[in-house]
2 protein chains.
Amino acid sequence: MIDVFKNYLFLTGALSAEEINFSVNFFKPISLKKGDFFIREGDTCRYIGFIACGAIKAYAIDREGKENITCFKFENEFATSFPEFAAQEKSRRSIRVIEDSIIYGISYPDYLHLLDQVTAWNGIIKSVMEREYGQKELYLLNYNNKSAADKYCHVLMHEPMLVRRIATQDLASYLGITQRSLTRAKGQLHRPK
Amino acid sequence: MIDVFKNYLFLTGALSAEEINFSVNFFKPISLKKGDFFIREGDTCRYIGFIACGAIKAYAIDREGKENITCFKFENEFATSFPEFAAQEKSRRSIRVIEDSIIYGISYPDYLHLLDQVTAWNGIIKSVMEREYGQKELYLLNYNNKSAADKYCHVLMHEPMLVRRIATQDLASYLGITQRSLTRAKGQLHRPK
DNA sequence: ATAATTATAGGACAAATGTCCTTATACAGT
DNA sequence: ACTGTATAAGGACATTTGTCCTATAATTAT
């Protein structure tokens with residue numbers, strides 16, 4: 001599994017082979033089963049994790065107690081909210097594993113050492129953050145103020161992995177509609193007329 | 001009017017009095033009347049502008065030809081999309097004046113010279129961009145997947161200037177609802193039950 | 001000042017979405 | 001393999017939102 005992580009780092013093109021081997025020693029493998037928490041809302045954001053395999057959902061609970069999913073992450077992606085981690089603030093979201101996963105986690109002190117000793121990591125983090133920002137913009141553009149049917153069509157065309165791997169109720173939460181509206185959209189599309 | 005701009009720069013705390021006087025010479029006053037364009041969608045983003053007085057709306061036209069307002073800016077704010085300006089790309093939005101306004105505009109070549117000669121401007125731009133990012137997050141949090149009534153209540157409590165200065169149809173567009181839904185929300189709130 | 005234009009509020013109905021529910025299917029634990 | 005739990009699809013109805021329209025108020029141009 002560590003090879004998945006090493007391969008990811010290799011593909012960034014930012015690190016030499018020695019730097020990769022040196023870097024991964026800072027990360028500890030964490031094995032989590034479906035349903036386990038990686039971070040709980042309100043706790044200090046102590047780790048960032050690289051998902052070697054599996055999947056997570058990030059969500060906040062609103063006043064009515066409803067789970068509000070803001071994103072999913074899969075293998076070969078980092079799982080955390082960087083701003084909160086970098087500032088060591090309390091997390092505004094929970095991150096929970098939705099498939100059995102292996103996550104390579106790094107603590108905040110180790111993260112600081114790593115950035116200090118392998119400066120190319122600054123560039124890796126920067127590009128991860130830029131991708132995050134771009135994803136947020138795209139979400140707004142594609143899902144904000146769209147009908148349930150439009151949302152489902154878009155996710156089907158442009159994020160098909162979500163349809164395959166995410167439970168209906170979680171996908172509905174991500175799209176900001178009820179499960180009923182999502183199954184209705186599916187039904188209409190598959191039996192058109 | 002130039003004093004409004006100078007005062008804004010003074011309050012940033014980033015520039016000396018000499019730097020302020022030097023800086024403002026790069027900006028040219030542009031007087032626009034309600035309805036005039038500052039930037040048209042598809043044109044290269046040639047200027048950024050500081051709004052000394054007045055107000056603008058930024059919007060894109062969707063496939064159905066409907067105006068989709070993404071933000072409003074008022075006096076003492078910068079009007080432009082920085083990423084597109086910095087990359088000199090074609091603008092993905094139009095910026096149009098909704099009150100008679102005086103905007104201090106700087107061209108891209110002058111902007112480069114300014115950053116080069118008064119390096120503290122990098123910090124000013126950075127903090128403006130951070131504020132932009134924060135505003136986008138807040139929009140998502142407060143208006144995405146909320147009912148029309150919730151949206152109106154929130155704007156009334158937390159962005160009351162919009163209710164006072166923005167036309168109903170434009171505010172509805174910003175909130176992602178129809179004008180009918182907005183007036184309905186108003187009616188319910190003012191004649192409760 | 002007057003006329004023409006534009007903006008706002010709200011009625012009536014249609015369409016979309018949410019709530020509550022039941023049934024069938026898939027999955028997990030023993 | 002069997003039982004209990006979780007998940008998905010969809011019916012029936014209530015609520016919300018959108019569309020179309022009209023009447024009034026406000027704004028702009030002449």
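No experiment lies behind these values; they were computed from the predicted model shown. Note on naming: letters A, B, ... go to the chains in the order of the sequence lines (proteins, then strands), and numbering restarts at 1 for each one.
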Participant: Where the side chain of K186(A) is defined as all heavy atoms beyond and including C-beta, which of dA9(D), dG18(D), dA8(D) is the nearest nucleotide?
Facilitator: dA9(D)
Participant: Starting at atom CG of L189(A), determine the distance to atom P of dA16(C), rounded to an integer number of angstrom.
Facilitator: 14 Å
Participant: Just call it for Q169(A): base, sugar-phosphate, or nothing, with non-hydrogen atoms closer than 4.0 Å on any strand.
Facilitator: sugar-phosphate
Participant: Tell me if the aromatic rings of Y8(B) and F50(B) count as close, with their centers under 6.0 Å from one another.
Facilitator: yes
Participant: Between dA9(D), dA12(C), dA12(D), spot the one nearest the side chain of R180(B), thanks.
Facilitator: dA12(C)
Participant: Which nucleotide, dG10(D), dT17(C), dA9(C), lies nearest any side-chain atom of S181(A)?
Facilitator: dT17(C)
Participant: Roughly, in whole Å, what's the span from CD in Q179(A) to P in dG10(D)?
Facilitator: 12 Å
Participant: Can you tell whether the side chains of E130(A) and K126(A) come within less than 4.0 Å, N to carboxylate O?
Facilitator: yes
Participant: For the pair made of NZ in K146(B) and P in dT17(C), what is the distance, rounded to whole Å?
Facilitator: 17 Å
Participant: Would you kindly compare T178(A) and T183(B) by the position of their nearest DNA chain C nucleotide and give the one closer to the 5′ end?
Facilitator: T183(B)
Participant: Nearest heavy atom decides the nucleotide; on that basis, is K34(B) or G176(B) closer to the 5' end of DNA chain D?
Facilitator: G176(B)
Participant: Taking NZ from K66(A) and C1' from dT19(C), how many angstroms apart are they, rounded to a whole number?
Facilitator: 12 Å
Participant: Rounded to the Å, how far apart are K33(B) NZ and dT27(D) P?
Facilitator: 16 Å
Participant: Please tell me which of the listed nucleotides, dG18(D), dA9(C), dA8(D), lies nearest to the side chain of T168(A)?
Facilitator: dA8(D)
Participant: Salt-bridge test for R93(B) and E84(B): reply yes if a basic N is under 4.0 Å from a carboxylate O, no otherwise.
Facilitator: no
Participant: Round to the nearest Å and state the distance from L171(A) atom CG to dA9(D) atom P.
Facilitator: 11 Å
Participant: So if I take every side-chain heavy atom of I177(B) and compare against dG18(D), dA9(D), dT17(C), which nucleotide ends up nearest?
Facilitator: dG18(D)
Participant: Students often mix this up, so state it plainly: with edges at 30° and 60°, are the rings of F5(A) and Y104(A) parallel, tilted or perpendicular?
Facilitator: parallel
Participant: Less than 4.0 Å between a side-chain N and a carboxylate O, is that true for D100(A) and K34(A)?
Facilitator: no
Participant: Measure the shortest side-chain to side-chain distance between I177(B) and Y143(B) over non-hydrogen atoms and say whether it is less than 4.5 angstrom.
Facilitator: no
Participant: Take the C1' atoms of the five end pairs on each side of the helix from dA1(C)-dT30(D) to dT30(C)-dA1(D), derive the two axes, and give their angle rounded to 10 degrees.
Facilitator: 60°
Participant: Which whole-number value in Å describes the distance from K151(A) NZ to dT17(C) P?
Facilitator: 8 Å
Participant: What's the CG-P distance between D150(B) and dG18(C), to the nearest Å?
Facilitator: 13 Å
Participant: The side chain of R184(A) is closest to which nucleotide in this list: dG10(D), dA12(D), dA12(C)?
Facilitator: dA12(D)
Participant: Under the side chain to side chain donor-acceptor pair (under 3.5 Å) test against T183(A), which residue among K186(A), Q179(A), R180(A) passes?
Facilitator: R180(A)
